[in-house]
Amino acid sequence: MPLALVDCNNFYVSCERVFNPKLEAKPVVVLSNNDGCVVSRSNEVKALGLKMAEPWFKLEKLSKQHGIIAYSSNYALYGDLSARVMSILSTFSPRQEIYSIDECFLDLSGFDPQSLMAYGQTIRQTVKRNVGIPVCVGIADTKTLAKLANHCAKKELSGNDGVCDFGQMDKVEGRALFAGIPVKEVWGVGPNISRKLLNMGIKTVEDLRTTSADKIRSQFSVVLSRTVNELNGTPCIELEDAGTPRQQIMVSRSFGAAVTELEELIESIAYYTTGAAEKLRHDGSVATSLCVYIRTNQFTEAEAKYQQSIVVPLSQPTDDTMKLVSAACHGLKTIYRRGFRYKKSGVLLMGLQARKTIQPTLFDDPAKQARSASMIRTMDAINKKMGSGSLTLAASGTQCRWAMRRESKSPNYTTDWKELLAVG
DNA sequence: TCTGGGGTCCTAGGACCC
DNA sequence: TCTGGGGTCCTAGGACCC
């Protein structure tokens, strides 16, 4: 039952480098929405000690000093390259779980255990050759161990050029390796749990592995006790097949500039709800309620603070953009207060269920519903063909003063004819 | 202008009902 | 009048991940 975790190295930075080879060997970062935080760092930047999610404006001096090159995030580019990487990886196993934009699990059961190291190398070389993105491969019997093996491959702890297979390690070797890795590197152990573990004297992966799962369960939660079992080779987290639907869908953004007027908040909420509804239909789900929230800047001390959210039940489960937008705007109007400078808004679709399970009600008008569904399908098709956002509801507005800042975005090399890479 | 991301799931605890 | 157990549903907040 071995499985592999394939993870792209410094994914967003690597995407930028594919189309701009001059960035190779230079310190490069990619920033989050609004050019807020550092979300991807090249190895050169990691070596400078720059942390993940650090606010960019605080790094101005350091970045000048070391000539760090910063890019705004270009999700159209990263999403497209991700799809190419995932498609190639899917050919290496009958079962693939895409875990995030830059990593996936592959089921390797049935393969010759002795050949997996070589197979891992083939995977790396194929992705590098066909897309230009470097990846590392971790192989083990559980998801948590595969994540850890991937960590070892990335840090070159196992000495095997981008691939690490715990199956090729004997017990003594494995224990020594685990005893040298801080417990915070384990998947599922964040800063909080890590602190509490340290207080209990559990410092390394090996310490955690040898702690009784029952003790962990009573002091923490069933989630972390699963982690302990997984570290011991007992799978507790199943491989999820493609199409396992999400339980909630969130779309939220900070604004490029503070917003005070209800009309502008409505535009942002309509826009985010439209995006959330597209994800919802992509999953084949319907929502039974939604939550709208708005907030002022949480960091500026001097400003008046306000944050509020409201849950709006839907009269019946739906995936109809117009019904969702209308419900979200209705909710927004009840929580909006004049006189605040808003910095962020968001929409959360909740109570998701499969569209095919919903019960029609007495008051349904099938003809009307068919018309509505057909219009939504047309909108989705146009947006897929012409690019996301080509066709939106008028409620989303056209000015978008609230839209995010992206001052140093690279071109959409692969998704926009006008921005193709020019050679020569 | 004036800088601080976005998304998902789990758990604990309260309300309510039988 | 007070005391029970046990289940479900909901919400808020915590924690994690990338």
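Lettering of chains follows the sequences in order, A, B, ..., and the numbering in each one begins at 1. Only a predicted model underlies this, so the values are computations on that prediction, with no experimental measurement involved.
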Within the 4.0 Å heavy-atom criterion, would you say [X] contacts the bases, only the backbone, or no part of the nucleic acid?
| X | answer |
| --- | --- |
| A:Phe11 | nothing |
| A:Lys344 | sugar-phosphate |
| A:Leu31 | nothing |
| A:Val311 | nothing |
| A:Gln247 | sugar-phosphate |
| A:Asp102 | sugar-phosphate |
| A:Glu103 | sugar-phosphate |

Given [options], which nucleotide is nearest the side-chain atoms of [X]?
| X | options | answer |
| --- | --- | --- |
| A:Gln248 | B:dC9, B:dT3, B:dT11 | B:dC9 |
| A:Asn297 | C:dC18, B:dG4, B:dG6 | B:dG4 |
| A:Val223 | B:dC10, C:dC17, B:dG5 | B:dC10 |
| A:Thr300 | B:dG5, B:dG7, B:dT3 | B:dT3 |
| A:Met250 | B:dT8, C:dC17, B:dG5 | B:dT8 |
| A:Lys343 | B:dG4, C:dC18, B:dC9 | B:dG4 |
| A:Ser254 | B:dT8, B:dG6, B:dG4 | B:dG6 |

* Partner nucleotide, any strand, of C:dC17 [Watson-Crick/G-U, under 3.5 Å] ->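 C:dC17 is paired with B:dG6.
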
Would you tell me if any nitrogen or oxygen in the side chain of [X] comes within less than 4.0 Å of OP1 or OP2 on [N]?
| X | N | value |
| --- | --- | --- |
| A:Arg341 | B:dC2 | yes |
| A:Ser252 | B:dG7 | yes |
| A:Ser40 | C:dC18 | no |

* Determine, using ring centers only, whether A:Tyr336 and A:Tyr342 are less than 6.0 Å apart. =>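 Under 6.0 Å, so yes.
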
* Asked: Does A:Lys196 count as lying over the ring of A:Phe220, i.e. NZ or CZ under 6.0 Å from the six-ring centre, within 45 degrees of the axis?
  ->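 Yes, A:Lys196 and A:Phe220 form such a contact.
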
Identify whether the distance between the nearest side-chain nitrogen and carboxylate oxygen of [X] and [Y] falls below 4.0 Å.
| X | Y | value |
| --- | --- | --- |
| A:Lys143 | A:Glu238 | no |
| A:Glu185 | A:Lys203 | no |
| A:Arg338 | A:Glu261 | yes |
| A:Asp80 | A:Arg84 | yes |

* Could you point out which residue of A:Ser42, A:Ser410, A:Ser40 forms a side-chain hydrogen bond (donor to acceptor under 3.5 Å, both in side chains) with A:Glu16? =>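 The residue from A:Ser42, A:Ser410, A:Ser40 that satisfies side-chain hydrogen bond (donor to acceptor under 3.5 Å, both in side chains) with A:Glu16 turns out to be A:Ser410.
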
* Asked: Taking DNA chain C as the partner, which of residues 185-212 of chain A come within under 4.0 angstrom of it by heavy atom?
  ->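 Nucleic-acid contacts, sorted: A:Val186, A:Trp187, A:Gly188, A:Val189, A:Gly190, A:Pro191, A:Asn192, A:Ile193.
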
* Going by atom types alone, do A:Thr227 and A:Thr144 pair a side-chain donor with an acceptor below 3.5 Å? -> no

